[in-house]
Every structure is written in C-alpha cells, then in structure tokens.
Amino acid sequence: MSFGRYRRELSVLLAYVLILLVLAWRTPGFFGPTPLRDLVVKNAPVLVATVGMTLVILCRHIDLSVGSQVGACGIAAGLLARAGVPMPLVGLGTILTGGLLGAVNGLLVAGLGLPSIVVTLATLVILREGVRFSREGAFVDGLPATFQWLGLGQTSGQWCVVAAAAVVFVAAGWGMRYLAAGRAIYATGSDPEAARLAGIRPRLVTFWAFAAMGALAGLAALLMVVQLPSVDPRTGSGLEMQVIASAVVGGVAIAGGRGTLAGTLIGVALLGSISAALVFLGTRPEWEKAIQGLIILLAVASDGLARGRR
C-alpha cells in the first residue's frame with residue numbers, strides 16, 4: 001500500500017484526531033453514548049448526499065442544488081405517505097423524484113454543455129422557491145405512524161438509517177474500485193478527451209453522475225425526514241455547503257479525477273463533529289457556515305498549491 005497516494009486523506013484524518021483530542025479536553029460530554037449516537041444518525045444522510053457529490057466533482061462538475069433537491073424530495077416523501085402510499089413505495093418514489101431532478105441537471109450540463117455551476121445554481125433557486133411557494137412555510141403533517149423511523153421505533157429506526165448510509169457507502173466504494181463505470185468516472189474527470197479516445201463517453205458519464213447525485217439526494221431526504229413526525233419545508237437548506245465542504249476537505253480534487261470515498265467519509269465526520277462541537281462549546285450557530293466556507297477555501301487552495309508543485 002502506498003501511503004503517498006493517500007497523503008491528503010491521512011492528513012485530514014490526523015487533523016480530525018487532533019480535533020477529537022481537543023474536544024475530549026474541553027468538552028468530555030461530547031463523547032457520551034447519546035451525543036455520539038445522535039452525531040452518527042444526523043450525519044448518515046449527509047454521507048449519502050456527499051457520496052453523490054463526490055461522483056459529480058470527480059467528473060469536474062459541481063451540484064449546488066443538492067440542498068434544494070433534498071428539500072423537494074422530503075416534501076414528496078411526506079405527501080406520498082400522507083396519501084396512504086405504503087412506505088416501501090414512498091421510499092422508491094422519493095428516490096425516483098431525486099433521480100429525475102438530477103437527470104434534468106445532467107441533461108442541461110452534459111446534453112447542452114452548460115456550465116454546471118450556472119445550471120445547478122438556477123435549479124437551486126427554482127426548487128427552493130417552488131417549495132416555498134407551494135407550501136407557504138407549512139409543514140407536511142398528519143403523517144401515518146409508519147412514517148417516523150419507518151414505523152420501527154426510534155432505536156431500530158436509527159439503526160436502519162445508519163445501515164442504509166453504510167450500504168450506499170460500501171456499494172459506491174466497491175463500484176468505484178472494481179466496476180468499469182467507476183473507472184470511467186475517474187477517466188472522465190482526469191482527461192475527458194483521453195477518455196473519449198479510450199472509448200468512454202464523457203457526456204454520458206457526466207449525465208449519470210448527476211442522475212446518481214439526484215437519486216442519492218432523494219435517499220438522503222428520506223433518511224432525514226423519517227427522523228421527525230412531520231416534514232419541514234426547509235429541510236436541506238444550506239446542505240450544499242456542508243456536502244461540498246465534506247467532499248473537498250476529504251481530498252476530492254475540485255478539478256476532478258482524483259479523490260476517494262474514504263476521504264469523503266473522513267470529511268463528513270470532520271464537518272459533522274465540528275458542527276456538534278460548536279453546540280457543546282456554546283458558539284453561535286452562524287459560525288458553522290463561516291467555518292464550512294473557510295474549510296472549502298483552505299482545501300481548494302491547498303489542492304491548487306499541490307497541483308502547482310507537480
């Protein structure tokens with residue numbers, strides 16, 4: 001195993017360990033069973049969405065609309081459940097809704113060649129304002145007992161949420177390593193023209209990366225909204241910052257073609273722990289977004305410096 005290949009991931013892991021040591025010194029209560037369980041459950045949906053973002057960034061693109069997709073899919077899940085649709089079909093419908101939203105982004109970016117940052121900024125606003133207009137701030141309530149925690153009870157439901165995220169992470173990691181589709185994503189991000197000459201269709205790869213991003217946003221939405229008795233129309237607001245920061249700080253190169261899901265996992269854990277630590281330290285919540293922005297800036301700057309040295 002070449003440790004140099006995973007230098008970025010190991011450096012982030014070291015930084016995470018140092019942060020945990022500081023937290024152990026300043027706030028020992030952070031490591032209690034209940035806070036740690038809540039931290040894992042809360043960030044399981046974030047991990048699912050960040051896996052999708054990793055695929056998109058590896059293809060040299062970005063998806064700013066992920067938070068709005070999660071919000072729209074969460075509303076869809078609530079409305080389906082309230083209409084009496086069985087929960088397995090609610091889950092399927094929510095994931096398909098996300099996949100459709102992601103496919104729209106993919107068609108505009110891969111099909112028309114539009115810049116992904118412009119397309120997804122537009123769809124972010126369209127989805128967010130569409131949800132706000134349609135719901136007028138009203139929660140989706142009156143949900144059946146089978147909705148919250150999937151009708152399994154809190155403890156079993158929490159395990160189910162974490163297990164679903166783990167399955168997505170392991171399956172995506174295996175696919176990225178062993179399937180031709182995974183290698184095509186890396187090839188597309190590294191050099192689209194070389195990938196095309198090798199028989200890969202970069203535009204098709206990009207389309208499916210956005211569609212997968214949308215489907216995983218739908219699953220993330222489902223895993224979020226089942227944790228509460230009603231669906232908040234603001235679900236997913238600001239999630240795009242956390243998801244992008246988690247992927248980039250975990251070593252996924254913003255220029256595409258380089259990064260691992262192991263680094264993504266470390267990034268999610270790091271950002272999630274910082275968010276929880278701010279609560280324990282009594283810090284104003286506004287600092288969370290500022291810290292996330294700073295982390296993105298530092299990660300991109302360090303990646304740029306590393307490319308310059310090469």
Side-chain angles (χ1 to χ4, degrees), residues 38-53 63-83 85 87 89-102 104-105 120-121 123-151 154 157-158 160-162 164-165 168 213-246 268 271-272 275-276 279 285-286 288-289 292:
D38 292 344
L39 178 65
V40 172
V41 174
K42 179 182 177 182
N43 284 282
V46 179
L47 176 60
V48 171
T50 309
V51 168
M53 185 63 70
D63 191 344
L64 300 178
S65 68
V66 56
S68 296
Q69 289 182 41
V70 167
C73 290
I75 293 296
L79 293 176
L80 287 171
R82 193 169 67 179
V85 176
M87 279 307 295
L89 294 181
V90 169
L92 179 60
T94 305
I95 293 171
L96 289 176
T97 299
L100 178 61
L101 295 176
V104 171
N105 283 337
T120 57
L121 180 60
T123 52
L124 177 154
V125 175
I126 291 169
L127 290 173
R128 180 174 297 168
E129 293 304 308
V131 168
R132 186 181 67 83
F133 177 78
S134 63
R135 298 303 305 169
E136 297 182 343
F139 284 48
V140 181
D141 49 20
L143 300 173
T146 55
F147 185 81
Q148 189 174 13
W149 299 118
L150 304 172
Q154 182 170 344
Q158 288 175 334
C160 187
V161 167
V162 174
V168 168
M213 169 77 264
L216 291 173
L219 178 57
L222 181 69
L223 298 181
M224 284 183 185
V225 297
V226 297
Q227 298 184 33
L228 298 169
S230 57
V231 179
D232 188 341
R234 297 169 298 178
T235 298
S237 179
L239 180 66
E240 57 278 349
M241 179 74 79
Q242 184 177 0
V243 167
I244 294 170
S246 297
V268 171
L271 269 292
S275 175
V279 176
E286 291 82 359
E288 180 181 353
K289 300 302 178 186
Q292 290 174 357

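Numbering starts at 1 and runs along the sequence shown. Please read these numbers as outputs of a predicted model, since none were measured by experiment.
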Between the CG atom in Asn105 and the OG atom in Ser65, the distance rounded to the nearest 0.5 Å is 4.0 Å

Is there a side-chain contact between Gln69 and Asp63 (heavy atoms, below 4.5 Å)?
yes

Considering all heavy atoms, the nearest Ala72-Val131 contact
CA-CG2, 4.0 Å

Would you compute the distance between atom CG of Leu228 and atom CZ of Phe147 and round it to the nearest 0.5 angstrom?
9.0 Å

Side chain proximity check, Val41 to Val162, heavy atoms < 4.5 angstrom:
yes

Is there side-chain contact between Met224 and Val161, with at least one heavy-atom pair below 4.5 Å?
no

Identify the heavy atoms of Val90 and Val85 that sit nearest to each other, and give their distance.
CG2-O, 3.4 Å

Of the non-hydrogen atoms in Ala221 and Cys73, which two are nearest, and what is the gap between them?
CB-CB, 3.7 Å

For a 4.5 angstrom cut-off between non-hydrogen side-chain atoms, does Ile75 reach Ser134?
no

Hey, mind stepping through Lys42 and Leu39 against side-chain contact (heavy atoms from CB on, under 4.5 Å) and telling me if it holds?
CA-CA 5 Å; Lys42 179 182 177 182; Leu39 178 65; 5.9 Å; no

Between Arg128 and Arg132 (side chain of the first, backbone of the second, donor and acceptor by atom type, cut-off under 3.5 Å), is there such a pair?
no

Residues Pro45 and Ala220: closest non-hydrogen pair is O-CB, 3.3 Å

Between Gln242 and Asn43, is any pair of side-chain heavy atoms under 4.5 Å apart?
yes

Return the minimal non-hydrogen interatomic distance between Ala165 and Leu47, and the atom names on each side.
O-CD2, 4.4 Å

Determine whether Gln148 and Leu143 make a side-chain contact, defined as any pair of heavy atoms from C-beta on separated by less than 4.5 Å.
no

Quick check for you: to the nearest 0.5 Å, what is the distance between Ser68 atom OG and Glu240 atom CD?
6.0 Å

So which atom in Val66 and which in Met213 form the shortest heavy-atom distance, rounded to 0.1 Å?
CG2-CE, 3.6 Å

How long is the span from the CD1 atom in Ile244 to the CG atom in Leu271, to the nearest 0.5 Å?
11.5 Å

For Arg135, does the CZ atom have more than 12 heavy-atom neighbours from other residues, nucleotides or ligands under 6.0 Å away?
yes

First locate atom CG of Leu80, then atom OG1 of Thr94, and finally report the distance between them rounded to the nearest 0.5 Å.
6.0 Å

Separation between CD1 (Ile95) and CG (Leu100), nearest 0.5 Å, reads 14.0 Å

